[in-house]
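For reference, the structure is listed below as structure tokens.
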Number of protein chains: 2
Amino acid sequence: MLLQLDPSTGLPVYRQIASAVRRAISDGEVSPGERLPGARDLAGALGVNMHTVLRAYGDLRDEGLIELRRGRGAVVRPGSVSLAGVRHVVIELAETASRHGIEFTEIVAMLEEEMT
Amino acid sequence: MLLQLDPSTGLPVYRQIASAVRRAISDGEVSPGERLPGARDLAGALGVNMHTVLRAYGDLRDEGLIELRRGRGAVVRPGSVSLAGVRHVVIELAETASRHGIEFTEIVAMLEEEMT
DNA sequence: ACCTATTTGTCCGTATGTATG
DNA sequence: CCATACATACGGACAAATAGG
């Protein structure tokens, strides 16, 4: 799993890490059951603090993509492939909407039409 | 405004037309106030029936992107640039969700987290 | 202001394919 | 396998809006 940060985007580092992991799961670079790199290792490789990586991992856990247990590290959960792909587009939509100043309720209305 | 159909996708022609027009608006190839090609002309150029184009135009009108009046044709509405961009991502999300079998309510929950 | 020809979307119906029960 | 419903695409006729003289 190759991971790259881009300082020019202005996006928080922990979000960039989470996005990169989501993409890796969605693209099948890491499969359910596999372990992600340990927080210390990844932090060292990226040149950031361990807690920054852990914040990203925590978000991914809250989204249901990975399991996080002391001693075992971060393990990709079954079903995460679909979730990661969808989550990626959800985030893209949220960013697009806020960029254009469109409200959440309006987005939901548009989505409801489209998903009928 | 150049428009191209792809028969291999299996997507309904009227949807392909609507998508292409949305992208053209979003990319600034046509600006608010400008006229879209008449339904007969565009249909002739694409080799489809006039009503197929009109169905696409009707959908775009329902989305608030264009105005449709007989005698005058289809005119791009102000504010359509933002709307077109957002709508494009909304459709992408709807397709991704259905492909992965994820329900509308679940998508809304994910979106709410993200847009807070 | 008037008339008329043209442009253009709207409304009627029809055929075909594709799920659905 | 059949019937039903639905969506897609096409065709012809119609009426509103527009443009030119």
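Bear in mind that the values here come from a model prediction, so they are computed numbers and not experimental data. Reminder, nothing fancy here: chain letters follow the sequence lines and each chain counts from 1.
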Review point. Can you check whether B/Ser31's main-chain N or O pairs, donor with acceptor, with B/Glu34's side chain at less than 3.5 Å?
Key: yes
Exercise for review: Using a cut-off of strictly less than 4.0 Å, decide whether B/Arg35 has a side-chain nitrogen or oxygen near OP1 or OP2 of C/dT8.
Suggested key: yes
Check your understanding: Got a second to check how far A/Ile107's CD1 is from B/Glu112's CD, nearest 0.5 Å?
Key -> 13.5 Å
Check your understanding: Looking for any heavy atom pair under 4.0 Å, which part of the strands does B/Arg69 touch: base, sugar-phosphate only, or nothing?
Key -> sugar-phosphate
Practice item. Classify the nucleic acid contact of B/Leu68 as base, sugar-phosphate or nothing, counting any heavy atom under 4.0 Å across all strands shown. Key: sugar-phosphate
Exercise for review: Using only side-chain N and O atoms of B/Asn49, determine if any of them is under 4.0 Å from OP1 or OP2 of D/dG11.
Suggested key: yes
Review point. Below 4.5 Å, heavy atoms only, C-beta onward: do B/Leu36 and B/Val75 meet side chain to side chain?
Key: no
**Study point:** Separation of D/dA7 P from B/Leu54 CG (nearest whole Å)
**Key:** 19 Å
Point to revise | Basic-acidic side-chain contact under 4.0 Å: B/Arg61, B/Glu63 | key: no
**Study point:** 4.5 Å side-chain heavy-atom contact, A/Asp6 and A/Thr9
**Key:** yes
Study note, to complete from the structure: Here the distance between atom C1' of C/dT6 and atom CZ of B/Arg72, to the nearest Å, is 17 Å
Please produce a list of atom pairs where a protein N or O lies less than 3.5 Å from an N or O of nucleotides 11-17 of chain C.
from	atom 1	to	atom 2	distance (Å)
C/dC11	N4	B/His51	NE2	2.6

Check your understanding: Can you check the B/Gln16 CD to D/dT8 C1' distance for me, whole Å?
Key -> 13 Å
Practice item. Ignoring backbone atoms, establish whether B/Tyr14 has a side-chain N or O less than 4.0 Å from OP1 or OP2 of D/dA9. Key: no
Check your understanding: Does a salt bridge link A/Arg22 with A/Glu92, judged by any charged N lying under 4.0 Å from a carboxylate O?
Key -> no
Point to revise | Residue whose closest nucleotide on DNA chain D lies nearer the 5' end, B/Arg40 versus B/Arg55 | key: B/Arg55
Review point. What bend angle does the helix from C/dC2-D/dG21 to C/dG21-D/dC2 show across its length, from five-pair end axes and to the nearest 10 degrees?
Key: 10°
